[in-house]
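In what follows, a single structure is set out as structure tokens and then discussed.
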Amino acid sequence: MAILTGSCRFGLWHVHVAWQGDLVYQVRFAREGLDGPVPEEILRYCAGRPADLSTLESVATAGESTFARIYRAVRAVPCGETVTYGEVARLIGTAPRAVGSAMAKNPTPIVVPCHRVVAKTDLGGFSPDLAIKEALLAMERRRRVCMPGDGRS
DNA sequence: CAGGACTCTCGCT
DNA sequence: AGCGAGAGTCCTG
């Protein structure tokens, strides 16, 4: 079974996903769409419908590297809530800056909800566009996209 | 060795 | 209080 690629819509953006079964290899935001399938839970999430992202796995969380531990910690953040870079850092015994680096290089946003990690005094960053982070957080706060499994890993 | 999606502490308004 | 500068910090390419 080969790796599948496809995209779905989130607001003005298209969410490109490379995946296979429950395992997600890459997620990224782009201006243009991409023909092909997307995991059901991501489809539901982007549509603002109840979704349980914990049923998916990300390649980013595998292993014992610092980044992998950071990604696992971030996956444990409940839907609709946020933590700071510093809190994540203290949780796994590293520096805030390292958490920032990990988020910036996160290969699978949404599956690893890096948008729930904010700076202590402001929203922090998000690429390719901070507006996406705001939109994701706003959606999680007002809609009922959260499911039991989300936040536990 | 350089450079981040940070945070703290200080010193000034 | 609120804001800006500087140093500390840790990981990756």
Side-chain angles (χ1 to χ4, degrees), chain A residues 3 5-20 23-34 38-39 41-48 51-143 145-147 149-153:
Chain A
I3 294 178
T5 59
S7 76
C8 64
R9 204 67 180 290
F10 179 74
L12 304 169
W13 295 83
H14 294 269
V15 183
H16 291 209
V17 186
W19 59 293
Q20 181 179 181
L23 184 59
V24 178
Y25 292 84
Q26 185 181 96
V27 175
R28 52 170 207 177
F29 295 89
R31 306 300 175 84
E32 299 108 34
L34 174 68
V38 164
E41 294 306 316
I42 291 184
L43 208 52
R44 299 169 61 85
Y45 179 83
C46 289
D52 184 1
L53 295 173
S54 70
T55 62
L56 295 172
E57 277 304 315
S58 164
V59 292
T61 58
E64 285 308 312
S65 68
T66 298
F67 271 29
R69 289 204 301 271
I70 291 174
Y71 293 137
R72 284 197 290 269
V74 171
R75 282 208 70 179
V77 178
C79 179
E81 294 181 24
T82 59
V83 288
T84 66
Y85 296 98
E87 286 169 354
V88 175
R90 277 198 302 279
L91 202 57
I92 69 172
T94 185
R97 202 115 205 193
V99 177
S101 293
M103 295 306 98
K105 292 170 190 155
N106 177 14
T108 60
I110 296 182
V111 178
V112 175
C114 55
H115 58 280
R116 295 178 195 152
V117 186
V118 301
K120 191 176 189 183
T121 57
D122 58 53
L123 251 197
F126 196 90
S127 54
D129 190 339
L130 186 57
I132 297 173
K133 188 174 189 172
E134 295 173 345
L136 289 171
L137 290 174
M139 178 186 79
E140 291 186 356
R141 279 194 304 261
R142 61 184 171 69
R143 304 240 190 176
V145 290
C146 316
M147 293 272 285
D150 198 351
R152 207 45 278 149
S153 129

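Proteins come first, then strands; the chains are lettered A, B, ... in the order of their sequence lines, and each starts at number 1. These numbers come from a predicted model, not from an experiment.
- When base pairs are accepted only as Watson-Crick or G-U wobble with both N-N or N-O distances under 3.5 Å, DNA chain B takes part in stems of 3 or more pairs at B:1-4 with C:10-13, B:6-13 with C:1-8.
- When the P atom of dG4(B) is taken as reference, atom CZ of Phe67(A) falls 14 Å away, rounded to whole Å.
- Listed by chain and residue number, Leu23(A), Tyr25(A) satisfy the side chain to side chain contact (heavy atoms under 4.5 Å, CB included) test with Val59(A) (two or more places apart in sequence, or in another chain).
- Base engagement by Ser101(A) is indicated by at least one non-hydrogen atom pair under 4.0 Å involving a base atom.
- Nearer the 5' end of DNA chain C, as judged by each residue's closest nucleotide, is the contact made by Arg97(A), out of Lys105(A) and Arg97(A).
- Considering OG1 of Thr108(A) and CZ of Arg28(A), their distance stands at 14.0 Å, rounded to 0.5 Å.
- Taking atom CG on Asn106(A) and atom C1' on dC11(C), their separation rounds to 16 Å, with Å as the unit.
- Of the inter-residue distances, the one linking Arg31(A) atom CZ with Asp129(A) atom CG reads 7.0 Å to the nearest 0.5 angstrom.
- The minimum heavy-atom distance linking Ala68(A) with Gly63(A) is given by the pair CB-O, 3.6 Å.
- For Tyr85(A), whose side chain is taken as the heavy atoms from C-beta onward, the closest listed nucleotide among dT9(C), dA5(B), dT12(C) is dA5(B).
- Taking every side-chain heavy atom of Thr66(A) into account, dC11(C) is the closest of dC11(C), dT9(C), dC6(B).
- Exactly one of Ile42(A), Val17(A), Val27(A) qualifies for a side-chain contact (heavy atoms from CB on, under 4.5 Å) with Leu56(A). That residue is Ile42(A).
- The minimum heavy-atom distance linking Thr82(A) with Leu137(A) is given by the pair CG2-CD2, 3.9 Å.
- At distances below 3.5 Å, at least one donor-acceptor pair connects side-chain atoms of Ser101(A) with backbone N or O atoms of Arg97(A).
- If you check residues 111-126 of chain A against DNA chain B, the residues with a heavy atom closer than 4.0 Å are Cys114(A), Ala119(A), Lys120(A), Gly125(A), Phe126(A), listed by number.
- Between Leu91(A) atom CG and dC10(C) atom C1' there is a gap of 16 Å when expressed in whole angstrom units.
- Nucleotide dC11(C) holds its P atom 8 Å from the CZ atom of Arg69(A), rounded to whole Å.
- The aromatic rings of Tyr45(A) and His115(A) lie tilted to each other, with the angle between the two planes from 30° to 60°.
- In this structure, CD1 of Ile70(A) is placed 13 Å from P of dC6(B), rounded to the nearest angstrom.
- The minimum heavy-atom distance linking Cys114(A) with Met103(A) is given by the pair CB-SD, 3.4 Å.
- Across dT12(C), dA5(B), dG8(C), the shortest atom-to-atom separation from the side chain of Ala104(A) is found for dA5(B).
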